[in-house]
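Everything below concerns the one structure shown next.
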Amino acid sequence: QVQLVESGGGLVQPGGSLRLSCAASGSIFRVDDMGWYRQAPGKQREAVAVITGGGTTNYADSVKGRFTISRDNAKNTVYLQMNSLKPEDTAVYFCTARVVLTTRSQTDYWGQGTQVTVSS
C-alpha cells in the first residue's frame, strides 16, 4: 500500500525557518494533488498549502508570502518551506496526497503528522 513519510518538524524560534518534506511510496501509478494541512489543539484541521499535479499552488491567507509549497514528481515528494514563522503556526502538520494506484483506483492518503512548535 501507499505510505506518506514526513520529516523536518521540530522546535524553532519566532522568525525562523523550517522545511518539511513528505515522500510517498508504494504501489503508485501517479500522484495528483499534494498538500499540507495543520491542526492545533481545539481547532479544526485547515489546509495550509496545496499543489496540483500540474504545479498550481494555493495557500491559506495566513501563510501567504511566508510559506512555499513545491514538489519533486520524480521522488513523489512534496515540500513546505516555512519562513518568518510565528507562534500561531504551531500545530501538527500533516501531508496528504491524492494517489492513483497501480490498480488504477484513486485514494487519498495522509501522513502521520509532524509537530511544528514556534516558541522562544
Side-chain angles (χ1 to χ4, degrees):
Q1 61 174 341
V2 173
Q3 290 182 294
L4 301 184
V5 180
E6 298 154 319
S7 63
L11 175 65
V12 65
Q13 294 187 353
S17 297
L18 211 57
R19 191 190 192 201
L20 306 182
S21 299
C22 175
S25 62
S27 302
I28 298 171
F29 177 74
R30 186 183 73 243
V31 179
D32 293 329
D33 295 0
M34 305 185 80
W36 292 93
Y37 289 67
R38 67 186 181 188
Q39 187 167 25
K43 292 189 175 183
Q44 293 184 350
R45 186 173 64 185
E46 65 173 347
V48 176
V50 175
I51 184 167
T52 69
T56 300
T57 58
N58 288 286
Y59 298 92
D61 288 342
S62 60
V63 307
K64 284 181 179 177
R66 300 188 297 119
F67 290 10
T68 302
I69 188 170
S70 61
R71 64 191 290 167
D72 184 338
N73 291 332
K75 298 180 179 180
N76 290 326
T77 298
V78 63
Y79 306 94
L80 185 67
Q81 178 66 47
M82 304 184 292
N83 298 326
S84 302
L85 283 162
K86 305 174 180 179
E88 50 263 47
D89 294 318
T90 296
V92 177
Y93 284 70
F94 299 88
C95 68
T96 186
R98 178 157 292 178
V99 179
V100 177
L101 305 177
T102 53
T103 60
R104 302 302 191 272
S105 64
Q106 183 185 82
T107 306
D108 292 338
Y109 290 91
W110 292 85
Q112 78 285 353
T114 185
Q115 178 70 46
V116 172
T117 302
V118 184
S119 176
S120 58

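- Ring geometry for Phe94 versus Trp110: interplanar angle over 60°, hence perpendicular rather than tilted (30 to 60°).
- Considering only heavy atoms from C-beta on, Gln13 stays 4.5 Å or farther from Leu85 through its side chain.
- Partners of Asp72 according to the side-chain hydrogen bond (donor to acceptor under 3.5 Å, both in side chains) rule, which considers only residues two or more places apart in sequence or in another chain, do not exist here.
- The minimum heavy-atom distance linking Ala23 with Thr77 is given by the pair CB-OG1, 3.5 Å.
- Between Val2 and Thr107 there is no side-chain heavy-atom pair separated by less than 4.5 Å.
- No hydrogens or angles considered: a donor-acceptor pair under 3.5 Å links the side chains of Ser105 and Thr103.
- Atom-to-atom distance recorded for Phe67:CZ and Leu20:CG is 8.0 Å, nearest 0.5 angstrom.
- When all heavy atoms of Val92 and Gly113 are compared, the pair lying nearest together is CG1-CA, 3.8 Å.
- To the nearest 0.5 angstrom, Gln112 atom CD is 8.5 Å from Leu4 atom CG.
- A donor-acceptor pair under 3.5 Å links the side-chain atoms of Thr90 to the main chain of Val118, judged by distance alone.
- Here the CZ-CZ distance, from Arg30 to Arg104, works out to 9.0 Å after rounding to the nearest 0.5 Å.
- Closest approach of Glu6 and Thr114 over heavy atoms only: OE1-N, 3.8 Å.
- Listed for the Tyr59 side chain is a donor-acceptor partner under 3.5 Å among the backbone atoms of Ile69.
- Residue-environment remark: CD (Glu88) exceeds the threshold of 12 foreign heavy atoms within 6.0 Å.
- To the nearest 0.5 angstrom, Gln3 atom CD is 11.0 Å from Cys22 atom SG.
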Report task. Any chance you could lay out the side-chain contact (heavy atoms from CB on, under 4.5 Å) test for Ser119 and Leu11, step after step, and finish with the verdict? Result -> CA-CA 7 Å; Ser119 176; Leu11 175 65; 4.3 Å; yes

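- In summary, Lys86 and Asp89 do not engage in a salt bridge, as defined by a charged side-chain N under 4.0 Å from a carboxylate O.
- Both Val116 and Leu80 are members of a single hydrophobic cluster when ILVMFWY side chains are connected at heavy-atom separations under 4.5 Å.
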Got a list of side-chain donor-acceptor pairs under 3.5 Å for residues 39-52, not counting sequence neighbours?
unit_1: Gln39; atom_1: NE2; unit_2: Lys43; atom_2: O; d: 3.2
unit_1: Glu46; atom_1: OE2; unit_2: Arg38; atom_2: NE; d: 2.7
unit_1: Glu46; atom_1: OE2; unit_2: Arg38; atom_2: NH2; d: 3.3
unit_1: Thr52; atom_1: OG1; unit_2: Gly54; atom_2: N; d: 3.3
unit_1: Thr52; atom_1: OG1; unit_2: Gly55; atom_2: N; d: 3.3
unit_1: Thr52; atom_1: OG1; unit_2: Thr56; atom_2: N; d: 3.1

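- A distance of 11.0 Å separates CZ of Arg19 from CG of Asn83, quoted to the nearest 0.5 Å.
- Every side chain to side chain contact (heavy atoms under 4.5 Å, CB included) that Val31 has, sequence neighbours left out, goes to Ile28, Met34, Arg71, Asn76, Ala97, Val99.
- With hydrogens and angles disregarded, a donor-acceptor distance shorter than 3.5 Å links the side chain of Arg66 to the backbone of Ser84.
- Between Asp33 atom CG and Arg98 atom CZ the span is 6.5 Å, to the nearest 0.5 Å.
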